[in-house]
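Side chains included, hydrogens not; waters and symmetry mates left out as well; all remaining heavy atoms used. Lettering of chains follows the sequences in order, A, B, ..., and the numbering in each one begins at 1.
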2 protein chains.
Amino acid sequence: MSVPAVIPFKPQNPKTRLSKVMDREEREFFAEMMLRDVISALYNAGCDPLILSTQPFCLDDVAVEVSTDGLNDALNGFLESREGPILIIMADLPLATPEAIRALVQTENEMAIVPGRGGGTNAIFLKEGFRFRVNYYEASFLKHIGIAQERGLSYDVIDSFRLHTDVDEESDLVELIIHGTGRSRKYIESLGFALTLTKGRVSVVRSRS
Amino acid sequence: MSVPAVIPFKPQNPKTRLSKVMDREEREFFAEMMLRDVISALYNAGCDPLILSTQPFCLDDVAVEVSTDGLNDALNGFLESREGPILIIMADLPLATPEAIRALVQTENEMAIVPGRGGGTNAIFLKEGFRFRVNYYEASFLKHIGIAQERGLSYDVIDSFRLHTDVDEESDLVELIIHGTGRSRKYIESLGFALTLTKGRVSVVRSRS
């Protein structure tokens, strides 16, 4: 049975922390390329993606639901009525691999969670969606662990840097260029981003043609 | 058979990128606590640690070798004569777990490697040390992959955020407070470091008593 995978997505003016190095149109296209990389990994892991978008949006024949409720309310609406398994996964994880997603959805516990950099939550898998409620923003990883404990859910923390690496800032593009294999890496390279060494440390530089 | 694990270590004035938030003595103690966390994980994974120190140093009854040759020359000296397996692992990985180290040393390939944040290399396991030469600094992960390919070694890239997270900068302390379970986390908490929220993002703040 394929696991439904909900991917929250903001098609308009996303990834504003990249504004210094990409204009709005580029950020919108980049966000879509990262979403496509996540969706490819989900299909290859046997999951069934559903985009939960803040605005009308379409992407090939992937199912899209539009909600203007805010991330937590929109996701909790999904969870409330969900008796079977469900995966919630962020759209900015272009290093996601089918192997890492499989480790997540094949947990022996009632829940498996992947922390993001800086205390966020990049993915949550639940065997029974209705038993949980999400609370994103701020240190959501610790909040989610707290909710699992309150609700008596056993959980796994999945140890994967590929799912841990969310791309928000310029320095995260280093990881994408080094470890990426999909469309979003190709896209930023086509924009002129490349690795560079400054004082022995690796960063990215963009050559504008 | 237990795998020898070489841990390069600099006891004097380490972790200078933390100088803004810790004085030299604190940084030296903190580096030692991280080293102890790595050594605990190594023992629990069935490895046999050996500290390769830039200066005379002692830590309980762990073996120490002193070398002033520079990181690459010192490690390559070890590798040259090594016919059996060897693990090289950095001392600033306080989130290391026995499970992640086991995944590394139980690879089916001739080499397994763990990338660090920003293009570095946090650990390399080799089934036959003499077949490889290290080249640390700068984008060493890509260099090490290149060396493996040149030398015809099959390799695995281990997907672990716990081994991927090297602690160099203030922002890395967030990860240690959220995910750490060992001595180095306790130590920074005893110094007054704690999580704080600034504009919805998690960082650390130090309250000096």
Trainee: Within the structure provided, determine whether B:M90 and B:P8 are in side-chain contact (heavy-atom separation under 4.5 Å).
Mentor: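 A side-chain contact exists here, since the closest heavy-atom pair is under 4.5 Å.
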Trainee: Under 4.5 Å, heavy atom to heavy atom: which of residues 175-185 of chain A reach chain B? Give them by number, or say none.
Mentor: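 When heavy atoms of chain B are the reference, residues 175-185 of chain A contributes A:E175, A:I178, A:H179 within the under-4.5 Å range.
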Trainee: So what's closer than 4.5 Å to chain B heavy atoms on A:I158: side chain, backbone, both or neither?
Mentor: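 The backbone, not the side chain.
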Trainee: B:K10: what forms a side chain to side chain contact (heavy atoms under 4.5 Å, CB included) with it, not counting sequence neighbours?
Mentor: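 Expected list: B:T54.
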Trainee: Does the pair A:K186/A:E189 count as a salt bridge with the N-to-O cut at 4.0 Å?
Mentor: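 Salt bridge: no.
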Trainee: Strictly less than 4.5 Å between heavy atoms, which residues of residues 15-27 of chain B line up against chain A? Please order them by number.
Mentor: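 Expected list: B:R17.
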Trainee: Which class fits the ring pair B:F132 and B:H144: parallel under 30°, tilted 30 to 60°, perpendicular over 60°?
Mentor: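 Ring orientation of B:F132 relative to B:H144: tilted.
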Trainee: Can you tell me how far CD of B:E169 sits from CZ of B:R117, rounded to the nearest 0.5 angstrom?
Mentor: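 That separation rounds to 9.5 Å.
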Trainee: Donor-acceptor pairs under 3.5 Å, side chain of residues 38-45 of chain B to any protein atom, not counting sequence neighbours: which ones?
Mentor:
residue : atom : partner : partner atom : Å
B:S40   : OG   : B:R36   : O            : 3.2
B:N44   : ND2  : B:S40   : O            : 3.1

Trainee: Using modelled atom types and a 3.5 Å cut-off, is there a donor and acceptor pairing between side-chain atoms of B:D166 and backbone atoms of B:D92?
Mentor: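 The answer is no, because no donor-acceptor pair under 3.5 Å joins these two groups.
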Trainee: May I ask you to decide whether B:D168 forms a salt bridge with A:R201, counting only side-chain N to carboxylate O separations under 4.0 Å?
Mentor: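 Salt bridge: no.
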Trainee: Heavy-atom distance under 4.5 Å between the side chains of A:F161 and B:N122, does that happen here?
Mentor: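 No - every pair of side-chain heavy atoms lies 4.5 Å or more apart.
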Trainee: Measure from the side-chain N and O atoms of B:S53 to the backbone N and O of B:P56, and report whether any donor-acceptor pair falls under 3.5 Å.
Mentor: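 A pair under 3.5 Å: no.
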Trainee: Out of B:P115, B:A139, B:S160, B:A103, return the one with the most heavy atom pairs under 4.5 angstrom to chain A.
Mentor: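 Looking at each option in turn, the highest pair count goes to B:S160.
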